[in-house]
Amino acid sequence: RYFDRIQIGSTTYSGTSTAQSPNGVYVAAGSSFTWYTDGSVTGGGFNICSGGTPSRSPTRAPVAGAYFQVTASSPSSTTCYTTSSGTCVTDGSGNTGNNERCTIQ
């Protein structure tokens with residue numbers, strides 16, 4: 001694999017064309033998705049924002065007004081984080097590192 005990728009459920013999206021992106025893909029409340037960088041060229045990362053109403057899994061305590069929570073982040077706990085009061089999640093500005101991973105719920 002020579003592209004960063006995002007896995008939503010059992011589907012992995014990776015590549016350079018819009019057809020290979022998860023535009024318009026619905027992620028159910030309480031579900032998670034994982035973003036991975038590859039180990040080659042670094043470049044700009046991602047910014048994902050919700051267009052729905054905040055909802056939470058019954059097994060996890062809600063965060064007031066938040067749509068997203070970062071549940072795993074590697075290599076550091078600040079590789080990915082929420083912005084805009086939890087309505088967006090990002091890996092920040094600038095280039096990504098190699099072999100980064102974030103799981104978001």
Revision key, fill the gap. Between Cys80 and Ser73 the two heavy atoms that sit nearest each other are N-OG, 3.2 Å
**Study point:** Contacts of type side-chain contact (heavy atoms from CB on, under 4.5 Å), residue Cys49, not counting sequence neighbours
**Key:** Asn47, Cys88
Practice item. Apply side-chain hydrogen bond (donor to acceptor under 3.5 Å, both in side chains) to Ser74 and list each qualifying residue two or more places apart in sequence or on a separate chain. Key: none
Exercise for review: Not counting sequence neighbours, which residues clear side-chain contact (heavy atoms from CB on, under 4.5 Å) with Ser32? List them please.
Suggested key: Thr103, Gln105
Check your understanding: Do the side chains of Val89 and Tyr81 join up, straight or via other hydrophobic residues, at under 4.5 Å, putting them in one cluster?
Key -> no
Check your understanding: Of all heavy-atom pairs between Thr37 and Glu100, which one has the smallest distance, and what is that distance?
Key -> OG1-N, 2.6 Å
Review point. Excluding sequence neighbours, so at least two apart, what forms side-chain hydrogen bond (donor to acceptor under 3.5 Å, both in side chains) with Thr90?
Key: none
Review point. In Å, rounded to the nearest 0.5 Å, how long is the span from OG of Ser85 to CZ of Phe68?
Key: 13.5 Å
Point to revise | Ile48 to Phe33 - nearest heavy-atom pair and separation | key: CD1-CE1, 3.6 Å
Study note, to complete from the structure: Taken in chain and number order and not counting sequence neighbours, the residues that satisfy side-chain contact (heavy atoms from CB on, under 4.5 Å) with Thr11 are Tyr13
Practice item. May I ask you to test the Trp35-Thr96 pair for a side-chain heavy-atom distance under 4.5 Å? Key: yes
Practice item. Please determine if Arg5 forms a cation-pi arrangement with Tyr36, meaning its NZ or CZ atom is less than 6.0 Å from the six-membered ring centre and no more than 45° off the ring axis. Key: yes
Review point. Could you give the distance from OG1 (Thr12) to CD1 (Ile6), rounded to the nearest 0.5 Å?
Key: 10.0 Å
Check your understanding: Going from CG on Asp91 to CD1 on Ile104, what distance comes out if it is rounded to the nearest 0.5 angstrom?
Key -> 9.0 Å
Revision key, fill the gap. Closest heavy-atom pair, Arg101 versus Thr34, reported as atoms and distance to 0.1 Å, is CG-CG2, 3.7 Å
Practice item. Report yes if some heavy atom in the side chain of Tyr67 is under 4.5 Å from a heavy atom in the side chain of Thr82; otherwise report no. Key: no
